[in-house]
2 protein chains.
Amino acid sequence: MSSVSESFSAQNPSAERIPAAERREQILAAASQVFGARGYAGATTDQVAQAAGISQPYVVRMFGTKENLFIEVIERSLSRLMTVFRGEIAKTDPQAADPADTDPAYTDLLSARLGRAYIDLIEDRGILLSLMHGFLTGHDPAIGAAARTGFLDIYRLLRDEAGFEPDQVREFLADGMLFNTLLALRLPDAYDNDEAARELMDCTFRTKLDLVLGASAAHWSEETA
Amino acid sequence: MSSVSESFSAQNPSAERIPAAERREQILAAASQVFGARGYAGATTDQVAQAAGISQPYVVRMFGTKENLFIEVIERSLSRLMTVFRGEIAKTDPQAADPADTDPAYTDLLSARLGRAYIDLIEDRGILLSLMHGFLTGHDPAIGAAARTGFLDIYRLLRDEAGFEPDQVREFLADGMLFNTLLALRLPDAYDNDEAARELMDCTFRTKLDLVLGASAAHWSEETA
DNA sequence: GTCTATATCTTGATAGAC
DNA sequence: GTCTATCAAGATATAGAC
């Protein structure tokens, strides 16, 4: 994107004009990080603006309201997540005819692959965390509705497209929620100092631990405040 | 508590004086509900005050800061949760000598009982939800530290006092996090209108479903806004 | 122990120029 | 397409009376 000039001042220095669609995605990416770290209520539109390198009113101008921006962030996260899942399903199941009639070995393999793909999503810290904050904002009418719909869409994808039994879906989702919670808690930061944290993370993230710890260190150290 | 007089005006009408300790617990109980519904950043000290039937400055006066109030709410939730778990452990295991060397049937039974006890805690909606919001506020230095410590305390309780293997703890915690998420999402409200919601809740809450649905209807209908 | 009044800061949103 | 200036509302915290 817009080169070195931004590294000093967060504010768009020469007010460079870029296409609205591109700017939109820039803002959404920035908002995803900010909302993921602080939640809907805890984040400000100004923090998003700074992260995107533009002015606060422009953020509001482009998305109407903070609430609407958050909803678009959630929908973007859901879209990415489901795209990734569908990719794994397609990759794993090149010749299965009936997704409702699958053998146990297949769903076990697919479950492992989807789990790995989920963990890979951590590379962009904002996706899973802003989603999680969306789920926790069920109280807000508009956000709550979007969050419920999205969550149930994931449920149906796992059941109908991946061919999981309801109880397999439940287990998969449960692991995901623990995963998200450990990330939000920033437990990776305690990995070196607490044996319980270490043990829990070892058994939660297993082979993908390096990715989690590495992404964590890189991510949090960049934070503004 | 202070009887009928409060049903009209939320504000303590005649400024009735009650012992500080009792008032403290009143405020904590109210704050637990409010923070549980809206999270730390989303809740206001005034909402807590109204829920407790006193003035906003008095809430701040008694707890110093909103942040400190939230931390005390979290600690109260943790304390209740751990007390309940310890009660189940004691009840289940009257004669086991070495908690580190337990047979599978025992941990299965205990796990089921702890799970049931956890679901029972939903009767007070604030406990699990304010805890969950605490976990999601790992970004705040003070709150994050309290949340991490508390989470790890629960981990150690399950491992050392309940005698679970790390992987059993992981699974138990994962179910708990899914449980909390479904509550925060207010999925119980969608039970009648969405087959996926119904299926997921049926298999998550099983025999305790009545409790979840009942408590939900009763709880949310009482809400102020 | 508890309230009223209020200072002060933050923040989402609008107006309007370039 | 993007910014500066600014308003209005809301929220935490303090002061001080009763």
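Sequence lines set the chain letters: A, B, ... in the order given, protein chains first and strands last, and positions in each chain run from 1. Only heavy atoms go into these numbers, but all of them, side chains included; no hydrogens, no water, no symmetry mates.
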Point to revise | Chi angles and distances behind the side-chain contact (heavy atoms from CB on, under 4.5 Å) call for A:Leu114, A:Leu158 | key: CA-CA 10 Å; A:Leu114 293 180; A:Leu158 292 169; 3.7 Å; yes
Point to revise | A:Tyr191/A:Val212 under side-chain contact (heavy atoms from CB on, under 4.5 Å): CA gap, chis, key distance, verdict | key: CA-CA 11 Å; A:Tyr191 190 83; A:Val212 174; over 6 Å; no
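The pair A:Lys91-A:Glu88 meets the salt-bridge criterion, since a charged nitrogen lies less than 4.0 angstrom from a carboxylate oxygen.
Judged by atom type and distance alone, A:Gln56 reaches the base of C:dA13 through a side-chain donor-acceptor pair under 3.5 Å.
For B:Arg148 (side chain) and A:Leu185 (main-chain N/O), a donor-acceptor pair under 3.5 Å exists by modelled atom type. A:Glu22 places no side-chain N or O within 3.5 Å of a backbone atom of A:Pro19 that could act as its donor or acceptor partner.
Computed from coordinates, the A:Asp46 CG to C:dT10 P distance equals 11 Å when rounded to whole Å. Atoms CZ (B:Arg38) and P (D:dA11) sit 9 Å apart, rounded to a whole Å. Look at OH on A:Tyr58: it is 6 Å from C1' on D:dT2, rounded to the nearest Å. Here the P atom of nucleotide D:dG10 and the NZ atom of B:Lys66 are 15 Å apart, to the nearest Å. For the pair B:Asn68 CG and D:dT12 P, the computed distance is 14 Å after rounding to whole Å. As rounded to whole Å, 15 Å separates atom C1' of C:dT2 from atom CD of B:Glu22. As a whole-Å value, the separation of A:Gln47 CD from C:dG12 P is 8 Å. Atom CZ of A:Phe63 and atom P of D:dT2 are 12 Å apart (whole Å).
Of the side-chain N and O atoms in B:Ser55, none sit less than 4.0 angstrom from OP1 or OP2 of C:dT2. Checking the phosphate oxygens (OP1, OP2) of D:dG1, no side-chain nitrogen or oxygen of A:Arg61 falls inside 4.0 Å.
Among the nucleotides C:dG12, D:dC3, C:dT2, the one closest to the side chain of B:Arg23 is C:dT2.
Using a 4.0 Å heavy-atom cutoff across all strands shown, B:Pro57 reaches at least one base atom of the nucleic acid. Here A:Ala43 lies in heavy-atom contact (under 4.0 Å) with sugar-phosphate atoms only.
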